[in-house]
Colleague: 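Here it is, the structure in full.
Below, each value reflects all heavy atoms present in this structure, side chains not excepted, and no hydrogens, waters or symmetry copies. As the structure lists them, so they are numbered: ligands from 1, and atoms in each ligand from 1.
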Amino acid sequence: MKNTLIYMEKELENLYPATEIKSFYYLIVEKLNSWSRTEIIANKNTVFSEQQHQTMLAFIKRLKNFEPIQYILGETEFYGLDFQVNASVLIPRPETEELVEWIQKENESKTVLDMLDVGTGSGCIAISLKNIFPNAKVDAYDVSEKALEVAIANAKKNSLLVNFSKVDILNQALQPSEKWDVIVSNPPYIPEQEKIEILPNVLNHEPHLALFVPNDSPLHFYSAIALFAIKNLKPKGKLYFEIHKDAGESCMELLSMLGFANIELRRDISGNDRMIRAQFL
Ligand code: GLN
């Protein structure tokens, strides 16, 4: 195995920082051998089988193309659970874990809750909420059938029950037959003009449907979801959003204009405005 690390360092040295290459090495060896990190260290003189070696070479080729390691391995972790991921869904982000944590802390005292995640992608928010609130009824929407396939597989993998439906939230005629205590969404929010600033691992591999919005209407998902929430939240129900770091003020304004109360904007661990909660009284 130690030769593998040397090989990876040589192949990837101009593309990634050394610490990242080391972390790829551990993730790849863990995946190929189903070993823990201590087992890797204990077995550092073991060599790969021919098949493992070929897989490793294919993985390195994909890393050279800046494909995210999570897609290469087909999995990642979010809020303590394992999730399957592929190019049809966004890779769950740490800042989204902070949003889930906020929902957890604010709703802990409630025993029964009906929750809806709009634009669920991999299902990471909805499935984590069901894990945190086992008595809740959790529903999740996505417009992408391919994303829903991944989300359904993830709920099954974690033995958690979430009701997934193919829904386009921009369709104004939606008339769901139920109401929710909590509606949450991490919709697409990056204006097209920011494409030039996006790193190739994201830009060339993650689904643009989940990332980008037109320059002239960066908040159109927020207004559609807020209008949907006004009609479909239970009294005193709460709406939670992940937002673009520059959209804090405009999102707060939008929600206040629409009649929401108790609007709070929070930063993520990097210090960027990143999430909003509002209540419809
Ligand atoms: N936070 C993601 C990123 O920066 C974007 C997520 C989204 O558009 N909802 O890549």
Side-chain angles (χ1 to χ4, degrees), residues 16 20 65-72 76-79 83 85-103 116-129 140-144 146-148 150-151 154 167-170 182-226 228-229 239-252 254-255 265-278:
Y16 295 96
E20 203 166 355
N65 191 28
F66 295 109
E67 187 171 344
I69 188 73
Q70 294 91 337
Y71 289 154
I72 297 175
T76 191
E77 204 230 271
F78 181 87
Y79 220 74
F83 286 86
V85 286
N86 63 30
S88 301
V89 298
L90 219 58
I91 296 165
R93 309 282 205 269
E95 50 271 32
T96 309
E97 289 181 311
E98 294 185 68
L99 177 66
V100 170
E101 190 181 9
W102 191 6
I103 302 174
L116 171 68
D117 175 21
V118 178
T120 197
S122 65
C124 64
I125 297 178
I127 294 166
S128 302
L129 289 175
Y141 291 169
D142 206 287
V143 70
S144 155
K146 286 231 156 87
L148 286 168
V150 176
N154 280 326
V167 172
D168 177 1
I169 201 66
L170 300 178
V182 167
I183 296 179
V184 53
S185 185
N186 172 19
Y189 57 63
I190 306 177
E192 295 273 354
Q193 66 200 14
E194 286 178 27
K195 267 188 183 163
I196 40 166
E197 298 164 29
I198 307 281
L199 295 173
N201 59 331
V202 175
L203 189 64
N204 299 336
H205 297 280
E206 298 207 63
H208 287 198
L209 178 69
L211 287 170
F212 296 108
V213 283
N215 294 332
D216 58 359
S217 56
L219 297 186
H220 76 285
F221 281 100
Y222 295 90
S223 48
I225 297 165
F228 176 90
L239 175 62
Y240 294 85
F241 277 136
E242 181 173 317
I243 58 158
H244 188 289
K245 67 177 173 41
D246 302 329
E249 231 163 88
S250 49
C251 279
M252 300 243 299
L254 170 76
L255 291 169
L265 171 66
R266 284 199 183 175
R267 295 193 169 149
D268 62 21
I269 201 168
S270 318
N272 292 316
D273 285 344
R274 186 60 68 201
M275 51 206 128
I276 285 192
R277 179 259 293 123

Colleague: Only heavy atoms of Leu211, strictly under 4.0 Å: list the atoms of ligand 1 that pass.
Modeller: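 Numbered from 1, ligand 1 contributes 5 (C), 8 (O), 10 (O).
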Colleague: Only heavy atoms count here, so choose which of Tyr189, Phe212, Phe241 is nearest to atom 5 (C) of ligand 1.
Modeller: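 Looking at heavy atoms only, Tyr189 sits closest to atom 5 (C) of ligand 1.
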Colleague: Taking only heavy atoms of Leu90, which atoms of ligand 1 are found under 4.0 Å from at least one of them?
Modeller: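 In order of numbering, the contacting atoms are 6 (C).
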Colleague: Counting only heavy atoms, which portion of Glu95 has something under 4.0 Å from ligand 1: side chain, backbone, both, or neither?
Modeller: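 Only the side chain of Glu95 comes within reach of ligand 1.
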Colleague: Any idea which protein heavy atom is nearest atom 4 (O) of ligand 1, and the distance to it?
Modeller: Ile190 CD1, 4.2 Å
Colleague: Could you tell me which atoms of ligand 1, counted from 1 in the order shown, lie closer than 4.0 angstrom to a heavy atom of Pro187?
Modeller: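 Those qualifying, in numeric order: 7 (C), 8 (O), 9 (N).
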Colleague: With heavy atoms of Asn186 as the reference, note each atom of ligand 1 found under 4.0 Å away.
Modeller: 7 (C), 9 (N)
Colleague: Considering only heavy atoms, does Ile198 approach ligand 1 within less than 4.0 Å through its side chain, its backbone, both, or neither?
Modeller: neither
Colleague: May I ask you to decide if Glu192's main-chain N or O and Asn215's side chain share a donor-acceptor pair within less than 3.5 Å?
Modeller: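 Such a contact is found between Asn215 side chain and Glu192 backbone.
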Colleague: Using the test ring-ring contact (aromatic ring centres under 6.0 Å, His included), find all partners of His220 that sit at least two apart in sequence or belong to another chain.
Modeller: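 By the ring-ring contact (aromatic ring centres under 6.0 Å, His included) rule, His220 matches no residue at all.
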Colleague: Check for me whether Ala210 has a heavy atom closer than 4.0 Å to any atom of ligand 1.
Modeller: yes
Colleague: Identify whether the distance between the nearest side-chain nitrogen and carboxylate oxygen of Arg267 and Asp273 falls below 4.0 Å.
Modeller: yes
Colleague: Minimum heavy-atom separation for His244 to Pro191, with atom names?
Modeller: CD2-CD, 3.9 Å
Colleague: Does Glu242 have a heavy atom less than 4.0 Å from any atom of ligand 1?
Modeller: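 Yes, that is the case, since the closest heavy atom of the residue is under 4.0 Å from the ligand.
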Colleague: Is there a donor-acceptor pair closer than 3.5 Å between any side-chain N or O of Asp142 and the backbone N or O of Gly121?
Modeller: yes
Colleague: Do Ser270 side-chain atoms and Asn272 backbone N/O form a donor-acceptor pair below 3.5 Å?
Modeller: no
Colleague: Would you tabulate the side-chain donor-acceptor contacts of residues 89-101 under 3.5 Å, counting partners in other chains and residues two or more places apart, or write 'none'?
Modeller:
residue : atom : partner : partner atom : Å
Arg93   : NH1  : Ile91   : O            : 2.8
Arg93   : NH1  : Glu206  : OE1          : 3.1
Arg93   : NH1  : Glu206  : OE2          : 3.2
Arg93   : NH2  : Glu206  : OE2          : 3.0
Thr96   : OG1  : Glu242  : OE1          : 2.6
Glu97   : OE2  : Tyr79   : N            : 2.6
Glu98   : OE1  : Ile269  : N            : 3.2
Glu98   : OE2  : Ile269  : N            : 2.9
Glu101  : OE2  : Lys105  : NZ           : 3.1

Colleague: Using modelled atom types and a 3.5 Å cut-off, is there a donor and acceptor pairing between side-chain atoms of Ser122 and backbone atoms of Val85?
Modeller: no
Colleague: What protein heavy atom sits nearest atom 10 (O) of ligand 1, and how far away is it?
Modeller: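 I find the closest protein heavy atom is Arg93 NH2, 2.7 Å.
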